[in-house]
Amino acid sequence: MIKFEGVHKWFGKLHVLNDINLHVTSGEVVVICGPSGSGKSTLIRCVNRLEKFQKGKLWVDDVPLHDHGVNLTQLRAEISFVFQQFHLYPHMTALQNVILAPVNVRKMNKAEAADLGRETLTRVDMADKFDSYPAQLSGGQQQRVAIARGLAMSPKIMLFDEPTSALDPEMIGEVLDVMVQLADEGMTMCVVTHEMGFARQVAHRVIFMDEGELVETGQPDSFFDNPQTERAAQFISKILTH
Amino acid sequence: MMLSYFQRLIEILPFFLKGLKMTVAVAGLGLIIGTLFGFLLGILRASDKKWLTWPIGVYVALIRGTPFIVQIFIIFFILPDWGVQLDAFPAAILAMSILGAAFICEIVAGGVKAVDRGQWEAATSSGLNIIQKLRFVIVPQAMQTILPPLVGQYVLLIKDSSVVSVIGVMELTRVGWLTVVRIPEGLMVFSLVGVLYFAISYPLILLSNRMERKMSLGQVRL
């Protein structure tokens, strides 16, 4: 589903992705962790080409992103991205947020899309907030609307960039619950997160990045309990103490 | 004495209303065209493509940095030397449009740039094309920043339209000039001119104030 082959990316002189090789198969849930600035967000932002890379090859859903002339809007319609800061459209209600892309990208008719939108919002437990504006919702609720916005496109892949990092502790659970449910339904997911409980519960693989390199990859339990590299061990001990 | 004063006023009023009509036509058309091009240029100017923003920047600097009267003279008296001969009315509208577009461009670019980058990224990620992103996500949010100064700019541009009197367009200011040399009541003539400009501008000033108040309360929802 996603295949990185020797991908490099530089921000000026900074080598943010250094020879990334990674293969994510359909239905797989991959958790990516690592210290800040390790390139983990950049990695998943390459998958829907929010970021370009300078060297290497990347196939997403068999589309070669390293080639010129790729139809990016078409590709992006198949990949949903959930941001740390939600980025809901503040001038639209929850329902309008969710159906904007189905109506305009999928060309669904409005009534059909509204049904789909209500159904999707119900799935993330937001059935009573269809007509609320983002400013009227808590962080956890906003993030669930953002997930519904992604889901409504029936994506083949969902990317999550630290989806719970901007949330108050008591709201993290409600967002993770939705993500667990998605994972159980067989969604292909790449999740940048430090939520170890989530990783242990649903991830098929944990990937550890540091300084732009993919340092270690393993089963969640073996990775967290018995990391193979010094850098991973250091990182895990740090997130454990918090 | 008082009676003849009012009689004079009644006598000249029809000419002034005609002038007012012309001012509304010149300013109105100029603002409409200027707004269209101002939005187009402003959105382009907010992009990160140097080859796009640079020429627009030069245009804006030239127009903002030279007096309007000079611009009108160039359009009306110099362009004919290059084979572009315009009547006073179209020349006035062209000049107003060029002037308006330059100022409105800057306001629009500022508004578009003020929209959070995350909004672009969210819209991009969901597969919207550039037109859809602008139409549904970016411009509606940018409008909150754009509207108050835009309406304020309209007021300034309407007043600037008085300058087109120099090429003979029979608008309010020109009617004032022509009248004042014929009758002794100079104060009355230009007070009338002022009152009529004020009649157009004041509602816009009120509108702008109201929008600014609402913006600061974060209540405007488009």
Side-chain angles (χ1 to χ4, degrees), chain A residues 41 44-51 71-93 96-108 131 133-136 142-143 145-161 166, chain B residues 39 42-44 46-53 107-151 210-222:
Chain A
S41 291
I44 65 166
R45 287 163 64 91
C46 283
V47 175
N48 73 344
R49 263 293 291 274
L50 278 181
E51 300 284 355
N71 187 334
L72 283 175
T73 50
Q74 205 171 44
L75 177 81
R76 284 168 179 150
E78 308 300 329
I79 307 171
S80 292
F81 200 105
V82 176
F83 298 87
Q84 181 178 356
Q85 302 290 346
F86 333 130
H87 298 324
L88 290 179
Y89 310 130
H91 57 302
M92 297 184 195
T93 64
Q96 290 169 335
N97 264 277
V98 172
I99 68 174
L100 181 70
V103 169
N104 293 289
V105 179
R106 295 266 189 252
K107 307 294 176 201
M108 205 178 266
D131 299 320
Y133 286 91
Q136 299 166 318
Q142 289 189 54
Q143 193 61 299
V145 173
I147 293 173
R149 177 172 67 177
L151 268 180
M153 290 294 279
S154 315
K156 294 180 179 162
I157 301 168
M158 288 192 82
L159 308 168
F160 296 81
D161 189 5
Chain B
F39 267 78
I43 288 167
L44 296 176
S47 87
D48 49 9
K49 308 249 184 324
K50 267 260 161 62
W51 58 270
L52 261 179
T53 57
I107 294 172
V108 170
V112 169
K113 282 188 200 156
V115 176
D116 181 48
R117 247 175 65 100
Q119 293 293 313
W120 283 97
E121 292 189 344
T124 300
S125 300
S126 67
L128 296 174
N129 64 36
I130 180 68
I131 302 293
Q132 294 168 331
K133 279 188 263 190
L134 287 167
R135 179 172 159 207
F136 299 119
V137 178
I138 305 301
V139 173
Q141 292 184 64
M143 284 314 276
Q144 307 202 358
T145 326
I146 291 171
L147 271 179
L150 181 67
V151 176
R210 221 182 95 189
M211 283 195 290
E212 224 154 311
R213 234 186 358 260
K214 281 203 171 178
M215 296 298 159
S216 65
L217 293 171
Q219 284 176 344
V220 171
R221 191 146 267 152
L222 292 150

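Lettering follows sequence order; numbering is per chain, from 1. Just so you know, these numbers come straight off a predicted model, no measurement behind them.
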- Task: Rounded to the nearest 0.5 Å, what's the gap from CZ on A/R106 to OG on B/S126? Could you check?
- Result: 10.5 Å
- Message: Counting only non-hydrogen atoms closer than 4.5 Å, does A/N104 touch chain B with its backbone (N, CA, C, O), its side chain (CB onward), both, or neither?
- Response: both
- Heavy-atom proximity to chain A below 4.5 Å, by part of B/R135: neither
- Item | A/T73 and B/N129: side chain donor to acceptor below 3.5 Å | no
- Item | Residues forming a side chain to side chain contact (heavy atoms under 4.5 Å, CB included) with B/T145, sequence neighbours excluded | B/A114
- Task: Sort B/Q132 into side chain, backbone, both or neither according to what part of it lies under 4.5 angstrom from a heavy atom of chain A.
- Result: side chain
- Query: In terms of heavy-atom proximity below 4.5 Å to chain B, should A/I79 be classed as side chain, backbone, both, or neither?
  - Reply: backbone
- Query: Yes or no on side chain to side chain contact (heavy atoms under 4.5 Å, CB included) for B/E121 and A/F81, after CA distance, side-chain angles and deciding distance?
  - Reply: CA-CA 9 Å; B/E121 292 189 344; A/F81 200 105; over 6 Å; no
- Message: Quick check on B/K50: does its NZ atom have over 12 non-hydrogen neighbours (other residues, nucleotides or ligands) under 6.0 Å away?
- Response: no
- Task: Examine whether an atom of A/Y89 lies under 4.5 Å from a heavy atom of chain B, and if so say whether it belongs to the side chain, the backbone or both; otherwise answer neither.
- Result: both
- Message: Heavy-atom pairs under 4.5 Å with chain A - which of B/T124, B/I130, B/D116 has more of them than the others?
- Response: B/T124
- Message: Below 4.5 Å, heavy-atom pairs only: which of A/R76, A/M153, A/Q96, A/E78 has the largest tally toward chain B?
- Response: A/R76
- Task: Locate the shortest heavy-atom distance separating A/L50 from B/S125; write the atom from each residue and the value.
- Result: CD1-OG, 3.7 Å
- Message: A side-chain contact here means heavy atoms from C-beta on lying under 4.5 Å apart; do B/P140 and A/M92 qualify?
- Response: no
- Message: At a 4.5 Å cut-off on heavy atoms, which part of A/R149 comes close to chain B: side chain, backbone, both, or neither?
- Response: side chain
- Where does A/L88 contact chain B at under 4.5 Å (heavy atoms): side chain, backbone, both or neither? backbone
- Query: So how far is it from B/W120 CH2 to A/H87 NE2, rounded to the nearest 0.5 Å?
  - Reply: 14.0 Å
